[in-house]
Amino acid sequence: MNIFVLTGAGVSAESGLGVFRGQGAALWKLYDPMQLATPEAFALDPRLVHEFYNARRRNLIAASPNAAHVALARLEAGLAQRGGALTVVTQNIDDLHERAGSTSVIHMHGELLKARCASCGAVSDCRDDLAVDSRCGCAGALRPHVVWFGETPLFMDEIYAALEAADLFVAIGTSGAVYPAAGFVRTARAMGLRCCELNLEPSDNADEFDDRRYGPASEIVPSWVEEILAL
Ligand code: BV8
Ligand code: ZN
């Protein structure tokens with residue numbers, strides 16, 4: 001069996017990383033997303049935007065994967081043993097899936113621990129603070145390697161190929177508020193995939209799912225993985 005999992009901020013919430021909407025200390029309540037996560041905001045006040053991402057990068061480095069990340073890594077290994085595959089497409093810019101052992105992870109909104117050169121486009125590892133004078137080897141200015149609102153998400157071709165190859169679509173910890181990620185369930189349904197939502201509360205597109213389970217990801221994801229691996 002091939003499974004396509006889409007994760008959002010809710011899968012990392014119990015690792016102490018903020019969520020953007022819904023319950024918990026939503027990041028966007030503290031900051032206006034259009035103020036911080038757009039190219040215009042970065043051009044207007046790069047120092048503020050760097051500070052926002054520097055704080056999140058430091059928080060991420062101090063954080064650890066939770067039982068939901070670990071369960072998804074176990075699912076990937078379990079499916080591979082059965083000749084199947086798990087693709088995790090994440091809206092998250094953290095590396096908690098990888099640190100939990102997942103190897104097939106697509107970061108459609110970029111990665112907090114990488115920087116990108118505004119001039120040559122080179123992407124490099126970045127675990128330290130970025131500042132307005134941070135430079136690439138080519139002397140270009142560095143920005144977070146993150147997809148902001150109005151920018152094109154990454155790996156869309158690979159994402160649709162993984163959807164085509166899947167038998168099951170599962171959305172975990174996402175509010176279904178941000179496109180094109182929020183539209184993947186509709187594409188999956190049109191392809192005839194069974195769709196399951198695992199979330200703390202119903203998402204904006206909950207009625208598009210055949211199967212819905214609610215609770216903290218660290219509880220409902222491991223039990224769902226055990227069920228799948230027992231099939
Ligand atoms: C694009 C990186 C064109 C930065 C992010 C009007 C209609 C439709 C679309 C638009 C529109 N106006 C503008 C648009 C487009 C826009 C968009 O969708 N806007 C929304 C706000 C309406 N989208 C874009 O601009 C995208 N680009 O469209 O380009 C295009 C399209 C197709 C093909 C080519 C080109 C780019 C969007 C990317 C923006 N960057 N992140 C950063 O991280 O700082 S988005 C940001 O929101 C985060 O990545 C976040 O992950 C993402 C989505 O949110 P979620 O992951 O779902 O997180 P959220 O907090 O919302 O929800 C958390 C959920 O978890 C909740 O349901 C909560 O209940 C649950 N939860 C909480 N705790 C737990 C839990 N669940 C389980 N356990 C828990 N413990
Ligand atoms: Zn460069």
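Note that ligands are numbered from 1 as they come in the structure, with each ligand's atoms numbered from 1 the same way.
Under a 4.0 Å criterion applied to the non-hydrogen atoms of Glu151, ligand 1 contributes the atoms 1 (C), 26 (C), 27 (N), 29 (O), 36 (C).
Remark: Arg186 fails to qualify as a cation-pi partner of Phe184 under the 6.0 Å distance and 45° angle criteria applied to the six-membered ring.
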Stepwise side-chain hydrogen bond (donor to acceptor under 3.5 Å, both in side chains) check, His69 with Ser102: CA-CA 8 Å; His69 298 107; Ser102 287; over 6 Å; no
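Within a 6.0 Å sphere centred on CZ of Arg135, other residues, nucleotides and ligands contribute more than 12 heavy atoms.
Residue Ser203 does not touch ligand 1, judged by heavy-atom distances below 4.0 Å. With a 4.0 Å cut-off on non-hydrogen atoms, Ala9 touches ligand 1 through its backbone as well as its side chain.
Thr103 and Glu76 form a side-chain donor-acceptor contact under 3.5 Å, judged by distance and modelled atom types alone. When only modelled atom types and interatomic distance are considered, Ser218 and Asn66 share no side-chain donor-acceptor pair under 3.5 Å.
Taking any N or O of Ser175, backbone or side chain, at least one lies under 3.5 Å from an N or O belonging to ligand 1.
Among pairs with a residue in residues 187-230, none fulfils ring pair (Phe, Tyr, Trp, His ring centres under 6.0 Å), at least two apart in sequence or across chains.
For the Zn ion (ligand 2), the nearby protein N/O/S atoms, meaning those under 2.8 Å, are Cys117 SG, Cys120 SG, Cys136 SG, Cys138 SG.
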Using residues 163-171 as the side-chain source, report each donor-acceptor pair under 3.5 Å to any protein atom, sequence neighbours left out, with the distance given to one decimal.
from   : atom 1 : to   : atom 2 : distance (Å)
Asp167 : OD2    : Asn2 : N      : 2.6

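When each of Val11, Val105, Leu6 is paired with Thr90, the side chain to side chain contact (heavy atoms under 4.5 Å, CB included) condition holds for Val105 and for no other.
The option from Val146, Thr90, Leu200, Thr174 that lies nearest to atom 4 (C) of ligand 1, judged by heavy atoms, is Val146. Distances from atom 25 (O) of ligand 1 to the heavy atoms of Ala177, Gly150, Gly176 show the closest one on Gly150. When Thr152, Val147, Val221 are checked for heavy-atom proximity to atom 39 (C) of ligand 1, Val147 turns out nearest. For atom 43 (O) of ligand 1, the candidate residues are Gln91, Arg56, Glu14, His109; the nearest heavy-atom contact is made by Arg56. Of the candidates Pro153, Gly8, Gly10, the one placing a heavy atom closest to atom 65 (O) of ligand 1 is Gly10.
In this structure the side chain of His50 reaches within 4.5 angstrom of the side chain of Phe42, judged on heavy atoms.
Through direct or relayed side-chain contacts under 4.5 Å between Ile, Leu, Val, Met, Phe, Trp and Tyr, Leu44 connects to no other residue.
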